Amino acid sequence: MMLKKTIQASLIAIGLILLLAACSNSADNVQSGGGDTRGESKELIVATGADPTSLDPRKTWSGPGYSINSHILEPLVFREIKDGKVEIVGVLAEEFENIDEYTWKFTLREGVTFHNGVPLTAESVKFTLESILDPEFNSPLSQWIKDIDEIITEGDLVLYIKTKTPTRGLIGGLAQVPIVEPGAVEELGEEFNVKPVGTGPYRIVEYKPNNSVELERFEKYWGKPGVNERIKFMIMPENAVRLAALQRGDVHIAENIPSDKIEEVKNDPNLDVYVTETLRVNMFVNNFDNDWMQQQKFREALSLAIDRELLVNNILGGNTIPASSVSPPGTIGFHDELPIYEYNPEKAKELLEEVGYDGSVIKMGAPAGRYAMDRQIGEAAAGMFEDVGVNIDLEILEFSSFVPKTDEGYYDIHYIGVADLTINPYMHWIGYYNSENSEGGYANPEVDALMEQAIQTIDDEVAIEIFKDIQEILYEEKPTLPLYYEPHMVGVRKGVRGFEPRLDEYIIVRDAYFEP
């Protein structure tokens with residue numbers, strides 16, 4: 001294996017119930033959990049594993065970016081998670097209702113201002129959504145709201161969103177779309193990537209790419225103020241570096257604690273650790289630009305070469321389960337009758353011989369620091385591929401350097417984690433299995449038709465059967481190779497109060513504080 005020296009630096013047992021609250025919803029406590037202790041706490045420091053790449057929320061496409069941005073900018077609606085249930089509640093929208101099968105009405109909160117003092121209006125929302133939908137802007141968020149047909153404003157505080165068809169999951173998609181200030185976007189230009197202007201409880205002080213993001217409390221925030229005067233996110237891709245910083249007390253919270261260090265953290269009298277389920281499927285994406293990847297038997301051989309049980313038990317410490325689907329358990333339509341993907345290296349060798357694989361180099365990519373033990377997973381899987389005779393050229397990069405290469409199709413196969421944040425499977429499938437948007441170039445007209453049918457199916461029971469049909473096709477054709485469901489392992493100092501891990505992996509600390 002040619003390992004390039006370019007390295008830069010419990011089953012979800014609960015059912016997720018999506019309650020579309022079509023009445024007035026208070027969001028004073030959305031994303032929060034603690035009391036107001038501002039007098040006791042000045043700064044909270046969080047170690048994150050990956051650079052957000054951009055703080056413009058219309059461009060952000062990573063979990064760390066979502067977490068950081070959730071303190072600076074706000075969407076119309078967001079997920080509130082209580083007792084293992086997901087409810088969509090209003091944030092900037094005080095009320096929202098589905099007035100017919102094609103139309104949603106949103107009434108915005110009065111008195112909300114952006115960090116630059118400009119009032120929030122329906123035009124701000126319209127600008128944000130239309131800019132995301134603009135093909136020339138090329139926003140990754142467009143897949144979540146692509147069924148919007150028209151946005152109509154009525155005065156300063158009311159807007160209507162009309163969809164092309166009856167559309168399930170629009171509200172869940174809007175939960176992923178923070179609202180930006182149009183004037184600041186125009187005035188700042190490219191600088192908006194590092195100095196976004198939102199309505200959140202914190203505003204940006206400084207963003208140093210691949211180093212840190214520093215925030216300060218926005219004193220004119222419309223809701224409950226943030227607890228700390230400042231929040232600092234330290235970007236630390238290396239697991240050992242994050243853990244050491246937590247142990248020394250340099251940071252108060254650190255995400256992606258290495259699984260082989262969980263017991264060490266548990267036994268440290270100064271630390272606590274959370275190990276929780278998530279909505280993320282970790283997988284390999286096959287690039288159909290490669291002639292070998294176009295052959296289903298070759299993809300099948302790669303899948304058979306992967307010992308998923310070993311990855312889960314030896315590298316991830318048994319803190320999750322191997323994958324059996326492109327969807328995570330607990331989400332709508334999860335196909336619980338599909339078996340875990342088979343491990344059979346001898347059969348893999350037979351298939352490689354059958355397709356006439358000639359030893360061509362397969363370029364493989366994996367990130368470091370973004371997901372739990374991602375570097376180790378990439379290295380182990382590369383070894384498994386080589387064990388059955390595949391010639392692998394593995395490159396491991398920090399996430400901010402890795403993502404642009406996946407976007408340009410540099411790798412023949414790459415490792416990524418995909419979360420079902422909207423709780424509607426087709427929305428997280430679109431980027432990988434829809435012909436128009438597939439990152440790896442996979443195209444199947446039957447899958448496209450089923451996904452289009454699912455989008456227009458409001459009845460959950462009917463939609464569930466469509467989702468299962470899609471999962472069966474993807475299980476057989478293997479455009480991606482699901483590995484396991486990402487566990488979220490977060491370490492905290494003993495004095496941290498008001499922090500709770502979330503199924504969506506957001507590290508939201510607006511109400512968390514450290515009490516020495």
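It should be emphasised that the depicted structure is a prediction, and the values quoted were computed from it without experimental measurement.
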Check: Looking at D420, V326, I466, which hits side chain to side chain contact (heavy atoms under 4.5 Å, CB included) with P425?
Finding: D420

Next item on the list: Go through the side-chain N and O atoms of Y433 and T480 and say whether any donor and acceptor fall under 3.5 Å apart.
Entry: yes

Margin query: Checking side-chain polar atoms at under 3.5 Å, does T199 have a donor or acceptor matched by the opposite partner on E74?
Written below: yes

Notebook entry, point to check: Aromatic ring centroids of Y484 and Y371 under 6.0 Å?
Noted result: no

Notebook entry, point to check: Considering only heavy atoms from C-beta outward, does the side chain of V197 approach that of V118 to under 4.5 Å?
Noted result: no

Check: Side-chain contact, heavy-atom cut-off 4.5 Å: T406 with V285?
Finding: no

Checklist line | cation_pi(R510, Y221) dist<6.0 Å, angle<=45 | finding: no

Next item on the list: Over all heavy atoms of both residues, which pair between N256 and R370 is shortest? Give the atoms and the distance, please.
Entry: ND2-O, 2.7 Å

Note to self: Whether the S54 and N193 side chains hold a donor-acceptor pair (N or O, under 3.5 Å, no angle test) is what I'd like checked.
What the structure shows: yes

Notebook entry, point to check: Looking only at heavy atoms, what is the nearest atom pair of S327 and W429, with distance?
Noted result: OG-CZ2, 3.2 Å

Checklist line | F218 and T113: CA distance, side-chain angles, deciding distance, side chain to side chain contact (heavy atoms under 4.5 Å, CB included) verdict | finding: CA-CA 10 Å; F218 179 43; T113 61; 4.0 Å; yes

Checklist line | Cationic tip of K478 above Y475 ring, under 6.0 Å, 45° of axis | finding: yes

Next item on the list: May I ask you to check whether T107 and E94 show a side-chain donor-acceptor distance below 3.5 Å?
Entry: no

Notebook entry, point to check: Between Q471 and L474, does a side chain to side chain contact (heavy atoms under 4.5 Å, CB included) hold up when you go through it step by step?
Noted result: CA-CA 5 Å; Q471 288 169 79; L474 299 177; 5.8 Å; no

Checklist line | Derivation of the side-chain hydrogen bond (donor to acceptor under 3.5 Å, both in side chains) call for E486 and T278 | finding: CA-CA 6 Å; E486 170 84 353; T278 72; over 6 Å; no

Item checked: Minimal non-hydrogen separation, P482 against S325, with atom names -> CB-O, 3.6 Å

Next item on the list: Taking all non-hydrogen atoms of both residues into account, name the closest pair between L215 and I68 and its distance.
Entry: CD1-O, 4.4 Å

Margin query: Using the side-chain contact (heavy atoms from CB on, under 4.5 Å) criterion, which residues pair with I464? Sequence neighbours excluded.
Written below: I332, E461, K468

Next item on the list: Please check if any side-chain donor atom of D51 sits under 3.5 Å from a side-chain acceptor atom of Y207, or the reverse.
Entry: yes

Next item on the list: Please round to the nearest 0.5 Å and tell me the distance separating atom CD of E43 and atom CG of N228.
Entry: 8.0 Å

Next item on the list: Of all the heavy-atom pairs spanning W222 and L92, show the shortest one and how long it is.
Entry: NE1-CD2, 4.0 Å

Check: Taking the side chain as C-beta and beyond, is there a heavy-atom pair between F499 and V490 under 4.5 Å?
Finding: yes

Item checked: Pair E500 + R502: basic N to acidic O under 4.0 Å -> no

Margin query: For the residue pair N282 / Y415, report whether a side-chain donor-acceptor contact shorter than 3.5 Å exists.
Written below: yes

Item checked: Centroid-centroid distance, H71 to F233, less than 6.0 Å -> yes

Next item on the list: State, to 0.1 Å, how close V180 and T128 come at their nearest heavy-atom pair, and which atoms those are.
Entry: N-OG1, 3.1 Å

Notebook entry, point to check: Side chains of P52 and N69: closer than 4.5 Å at any heavy-atom pair?
Noted result: no

Margin query: Applying side chain to side chain contact (heavy atoms under 4.5 Å, CB included) to R79 and Q176, what does each step give before you reach the verdict?
Written below: CA-CA 9 Å; R79 298 176 298 276; Q176 288 301 112; 2.7 Å; yes

Notebook entry, point to check: Who are the side-chain hydrogen bond (donor to acceptor under 3.5 Å, both in side chains) partners of E472, not counting sequence neighbours?
Noted result: H335

